[in-house]
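Some notes on the structure that comes next.
The figures here come from the full heavy-atom set of this structure, side chains too, leaving out hydrogens, waters and symmetry mates.
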Amino acid sequence: MLGVNKPPEYGGMGLDFSYSIAIAEELGNINCGGIPMAIGVQSDMATPALTRFGSDELKRQFLAPTIAGDVVACLGVSESGAGSDVASIKTKAERKGDDYIINGSKMWITNGCQADWMCLLTNTSAGPSHKNKSLICLPMKTPGVHVTKKIDKMGMKSSDTAQIFFEDVRVPSKYLIGEEGMGFIYQMLQFQEERMWGVANGKWRLLYMTPTAGKLQLPACKL
């Protein structure tokens, strides 16, 4: 279930994306948003770019155990000052020899409290905002990674959401996904699968608001 459209050589089933959509729709029948959210991040939000652009070594180290369910993945894009405006993120990775030194923070990270690794979007140069970003596989146990807060949300309680800080986090440059400076493009492509998965999952959980006796009711309904 975690790799139906991923290559068989990394533990996937090698099917096309329509099968991921079928799973998203079935998960939408669960009377809970948090569990499908956690699964969707693992299967179709944190891993598409790694699958498409990552090196074989990187995919064997991060993708294969993610598909197997041996590790938990999260996606690090949003920041407190840059949610939908991805181009405005401030987290920075500076190249030092064969390593990147990462400083900054991420906010509203689904699976962040329990994740073993993060697909991190970060600035790697001072160029134009759509050409200065890269995606990096970041092991969450790396020194300097601080999961400082589990966010108390109104809903989706079974899906943990974290605030995370990076303080001089050193990772090998070989953990770069694809080419340096292509992260913005990679993430926009990754968002396409994420949002289609989210729509397929959420259409079965449409909520509507009905004013009754001064209160709001939020019953679930199926289209």
Side-chain angles (χ1 to χ4, degrees), residues 2-3 5-6 17 20 24 27 33-54 58-59 61-63 65-67 69 71-93 100 102 104-124 133-142 145-151 153 156 158-166 169 171 175-178 182-202:
L2 297 176
N5 66 330
K6 302 299 189 294
F17 187 64
S20 289
L27 286 171
I35 293 173
M37 174 68 74
I39 293 172
V41 168
Q42 180 96 348
S43 64
D44 290 275
M45 301 182 195
T47 52
L50 174 59
T51 303
R52 185 179 298 183
F53 303 109
L58 212 55
K59 284 185 276 195
Q61 183 173 351
F62 292 98
L63 181 62
T66 301
I67 292 172
V71 301
V72 175
C74 67
L75 176 63
V77 176
S78 296
E79 299 178 2
S80 57
S84 299
D85 186 9
V86 175
S88 296
I89 66 166
K90 303 300 182 187
T91 297
K92 182 179 179 181
Y100 284 107
I102 302 168
S105 64
K106 294 296 175 180
M107 188 66 165
W108 309 297
I109 305 304
T110 301
N111 294 355
C113 295
Q114 59 181 316
D116 296 289
W117 72 277
M118 172 186 286
C119 178
L120 172 72
L121 183 68
T122 179
N123 296 312
T124 48
K133 294 171 175 54
S134 302
L135 285 176
I136 295 173
C137 292
L138 171 62
M140 294 294 284
K141 297 270 196 295
T142 306
V145 176
H146 305 291
V147 181
T148 60
K149 183 180 181 181
K150 181 178 179 180
I151 299 171
K153 308 186 298 294
M156 294 197 177
S158 59
S159 172
D160 61 287
T161 307
Q163 181 178 22
I164 302 170
F165 289 88
F166 312 111
V169 178
V171 297
Y175 285 1
L176 175 72
I177 296 175
M182 289 293 292
F184 185 87
I185 302 299
Y186 293 165
Q187 187 53 48
M188 292 302 106
L189 292 171
Q190 195 158 243
F191 274 150
Q192 301 312 304
E193 294 190 27
E194 170 182 327
R195 287 163 180 167
M196 286 189 285
W197 195 99
V199 168
N201 178 253

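Partners of Phe53 according to the ring-ring contact (aromatic ring centres under 6.0 Å, His included) rule, which considers only residues two or more places apart in sequence or in another chain, are Tyr186. Partners of Lys6 by salt bridge (charged side-chain N to carboxylate O under 4.0 Å, His left out), not counting sequence neighbours: none found. Partners of Ser105 according to the side chain to side chain donor-acceptor pair (under 3.5 Å) rule, which considers only residues two or more places apart in sequence or in another chain, do not exist here. Taking Ile151 as the reference, Met107, Trp108, Lys153, Thr161 meet the side-chain contact (heavy atoms from CB on, under 4.5 Å) condition, with sequence neighbours excluded. Residues passing the side-chain contact (heavy atoms from CB on, under 4.5 Å) test with Leu50 are Leu58, Lys59, Phe62, Leu63, Trp117, Cys137, Ile177, sequence neighbours excluded. Shown here are the side-chain contact (heavy atoms from CB on, under 4.5 Å) partners of Ala38, two or more places apart in sequence or in another chain: Asn111. Scored by the side chain to side chain donor-acceptor pair (under 3.5 Å) test, Gln42 finds no partners at all (sequence neighbours excluded). Checked against side-chain contact (heavy atoms from CB on, under 4.5 Å), Lys133 has the following partners two or more places apart in sequence or in another chain: Ile89, Leu121, Asn123, Ser129, Phe184. By the side chain to side chain donor-acceptor pair (under 3.5 Å) test, Ser88 pairs with Asp85, sequence neighbours left out. Applying the side chain to side chain donor-acceptor pair (under 3.5 Å) test to Asp116 and every residue at least two apart in sequence or in another chain returns nothing.
Between Leu75 and Gln190, some side-chain heavy-atom pair lies under the 4.5 Å cut-off. Using a 4.5 Å heavy-atom cutoff, the side chains of Phe191 and Val86 are in contact. Contact annotation: the side chain of Ile164 approaches that of Val145 to within less than 4.5 Å [non-hydrogen atoms, C-beta and beyond].
Side chain of Ser134 to backbone of Thr124: no donor-acceptor contact under 3.5 angstrom is found. Between the side chain of Glu79 and the backbone N or O of Thr91 there is at least one donor-acceptor pair closer than 3.5 Å. Judged by distance alone, the side chain of Asn5 and the main-chain N or O of Phe17 form no donor-acceptor pair under 3.5 Å.
Distance check: Lys149 NZ to Ile109 CD1 gives 13.5 Å after rounding to the nearest 0.5 Å. The CG atom of Leu2 sits 9.0 Å away from the OG1 atom of Thr47 when rounded to the nearest 0.5 Å. To the nearest 0.5 Å, atom CE of residue Met37 and atom OG of residue Ser158 are 10.0 Å apart. Interatomic distance, Lys92 NZ to Ile102 CD1, rounded to the nearest 0.5 Å: 12.5 Å. Distance check: Ser20 OG to Met196 CE gives 10.0 Å after rounding to the nearest 0.5 Å. Once rounded to the nearest 0.5 Å, the distance linking CE of Met140 with CG of Leu138 reads 6.5 Å.
Closest of all the heavy-atom pairs between Ile136 and Ala93 is CD1-CB, 4.1 Å. Across all non-hydrogen atoms, the minimal contact from Ala115 to Cys74 is CB-SG, 3.6 Å. Nearest heavy atom pair, residue Ala73 against residue Val41, reads O-CG1, 3.7 Å. Among all heavy-atom pairs drawn from Pro139 and Val171, the shortest one is CD-CG1, 4.4 Å. In terms of heavy atoms, Leu176 sits closest to Leu135 at CD1-O, 3.5 Å.
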- Task: Starting from the C-alpha separation in whole Å, work towards a yes-or-no answer on side-chain contact (heavy atoms from CB on, under 4.5 Å) for Tyr100 and Thr122.
- Result: CA-CA 11 Å; Tyr100 284 107; Thr122 179; over 6 Å; no
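Applying the side chain to side chain donor-acceptor pair (under 3.5 Å) test to residues at least two apart or on different chains, the pairs with a partner in residues 191-200 are Asp44-Trp197.
For CE of Met182, the number of neighbouring non-hydrogen atoms (other residues, nucleotides, ligands) closer than 6.0 Å is greater than 12.
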